Amino acid sequence: QVQLLESGGGAVEAGGSLKLSCVVSRMTDTRYMAWFRQAPGKEREGVAAIYTVSDVTYYADSVKGRFSISRDKDKRTLYLQMNTLKPEDTAMYYCAADTKTPIMTRIQALRPLAYTDWGQGTQVTVSS
């Protein structure tokens, strides 16, 4: 099990940018890490994921070309750079980690059930 702490959320206008950070207690223990989001009344959805063994990345269609997931091993930090934000991006954003699964497909890597360790979330609000 790893501990995760997100930061970087806030309120921005449509078209703006934000960069979320997630510090993980032991990044070397992870195999996949991901960002999820959940808006009020909606299910939690996968936004982006990274296979930490090779840094292969996966994105939801709704954010492809606008969001970028990356990590800094030395800082034990996962990032989500969000550009060209839209009001529909408004949600609580969560960082998640998996430490056990050998291989996932893109669809699997963007499913909440694939992850056992979660942060507390950081709120992103985009106004029109």
Side-chain angles (χ1 to χ4, degrees):
Q1 188 175 12
V2 296
Q3 285 72 49
L4 306 162
L5 182 62
E6 306 96 332
S7 63
V12 295
E13 292 185 351
S17 298
L18 279 175
K19 187 173 185 177
L20 306 184
S21 299
C22 172
V23 177
V24 56
S25 58
R26 298 186 307 278
M27 183 169 280
T28 52
D29 287 355
T30 67
R31 297 190 62 84
Y32 288 86
M33 294 193 70
W35 288 97
F36 289 81
R37 66 186 181 188
Q38 189 166 19
K42 294 190 176 181
E43 293 186 354
R44 191 168 295 190
E45 63 169 342
V47 174
I50 185 167
Y51 180 43
T52 58
V53 175
S54 64
D55 284 340
V56 172
T57 57
Y58 308 92
Y59 294 94
D61 290 341
S62 58
V63 305
K64 203 173 294 184
R66 300 190 298 123
F67 290 11
S68 177
I69 188 171
S70 62
R71 68 187 184 112
D72 185 323
K73 290 183 289 186
D74 293 335
K75 294 182 179 179
R76 294 182 288 109
T77 302
L78 181 74
Y79 300 103
L80 184 68
Q81 177 67 50
M82 305 185 294
N83 300 324
T84 320
L85 282 161
K86 304 175 181 180
E88 51 264 43
D89 295 319
T90 295
M92 184 71 79
Y93 282 71
Y94 298 90
C95 174
D98 164 77
T99 59
K100 296 182 174 62
T101 308
I103 292 290
M104 292 194 216
T105 64
R106 171 183 169 274
I107 292 176
Q108 291 170 327
L110 294 175
R111 282 184 179 156
L113 286 177
Y115 297 85
T116 54
D117 302 322
W118 292 84
Q120 295 300 306
T122 186
Q123 177 68 38
V124 171
T125 302
V126 185
S127 59
S128 57

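The model shown is predicted, which means the values in this text are computed figures rather than measured ones. One is the number of the first residue; the rest follow in order along the sequence.
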- request: Could you check if a side-chain atom of M33 sits within less than 4.5 angstrom of a side-chain atom of V24, using non-hydrogen atoms only?
  value: yes

Main-chain N/O of R76 paired with R26 side-chain donor or acceptor, under 3.5 Å: no

field: Joint hydrophobic cluster, I69 plus V2, side-chain heavy atoms closer than 4.5 Å
entry: yes

field: Within-4.5 Å side-chain heavy-atom neighbours: D98 and M104
entry: yes

field: Polar contact flag, side-chain donor to acceptor under 3.5 angstrom, Y94-R37
entry: no

message: Using 0.5 Å steps for rounding, measure from the OH atom of Y58 to the OG1 atom of T105.
response: 7.5 Å

- prompt: Got more than 12 heavy atoms from elsewhere within 6.0 Å of CG, L113?
  reply: no

- prompt: Between Y51 and V47, is there a shared hydrophobic cluster once you connect ILVMFWY residues whose side-chain heavy atoms come closer than 4.5 Å?
  reply: no

task: Ignoring hydrogens and angles, tell me if any N or O in the side chain of Y32 forms a donor-acceptor pair with the backbone of K100 under 3.5 Å.
output: no

message: Looking at E6 and C95, would you say the former's side chain and the latter's main chain have a donor-acceptor pair under 3.5 Å?
response: yes

message: Can you tell me how far apart CD (Q120) and OG (S7) are? Round to the nearest 0.5 Å.
response: 13.5 Å

- request: Could you check R71, R31, K73 and say which one makes a salt bridge (charged side-chain N to carboxylate O under 4.0 Å, His left out) with D55?
  value: R71

task: Look at the side chain of D29 and the backbone N and O of T99, then say whether any donor-acceptor pair between them is shorter than 3.5 Å.
output: no

- prompt: Which atoms form the tightest heavy-atom contact between A60 and G46, and what is the distance?
  reply: CB-O, 3.4 Å

- line: Rounded to the nearest 0.5 Å, the NZ atom of K86 sits from the OG atom of S128 at a distance of 13.5 Å

Minimal non-hydrogen separation, I103 against Q108, with atom names: O-OE1, 4.2 Å

- line: Distance col, row Y115:OH vs T101:OG1, nearest 0.5 angstrom, shows 8.5 Å

message: Give me the atom names and distance for the closest heavy-atom approach of A97 to T30.
response: CB-CG2, 4.0 Å

field: Shortest non-hydrogen contact between S17 and T84, atoms and distance
entry: OG-N, 4.3 Å

message: Hydrophobic clusters here meaning ILVMFWY residues chained together by side-chain heavy-atom distances under 4.5 Å, can you tell me if M82 and Y59 are in one?
response: yes

- prompt: In Å and rounded to the nearest 0.5 Å, what is the NZ to OG distance from K75 to S21?
  reply: 9.0 Å

query: Once the angle between the rings of F36 and W118 is folded into 0 to 90°, is it parallel (under 30°), tilted (30 to 60°) or perpendicular (over 60°)?
result: tilted

task: Start with the C-alpha gap between R106 and D61, add the side-chain angles, then the distance that decides, and say whether salt bridge (charged side-chain N to carboxylate O under 4.0 Å, His left out) holds.
output: CA-CA 11 Å; R106 171 183 169 274; D61 290 341; 3.3 Å; yes

- prompt: Taking all non-hydrogen atoms of both residues, which atom of L80 and which atom of A48 are closest, and how far apart?
  reply: CD1-CB, 4.1 Å

query: Is there a side chain to side chain contact (heavy atoms under 4.5 Å, CB included) between D89 and R66 once you walk through the steps?
result: CA-CA 11 Å; D89 295 319; R66 300 190 298 123; 2.8 Å; yes

query: Cluster question for you: counting only ILVMFWY and a side-chain heavy-atom cut-off of under 4.5 Å, with indirect links fine, are V12 and W35 together?
result: yes

task: Verify the cluster assignment for Y93 and L78: are they in a single hydrophobic cluster under the rule of side-chain heavy atoms below 4.5 Å apart?
output: yes

- prompt: Which distance, rounded to the nearest 0.5 Å, do you find between the CD of Q123 and the OG1 of T90?
  reply: 7.5 Å

- line: Smallest heavy-atom separation, S127 atom then P87 atom, equals C-CG, 4.4 Å

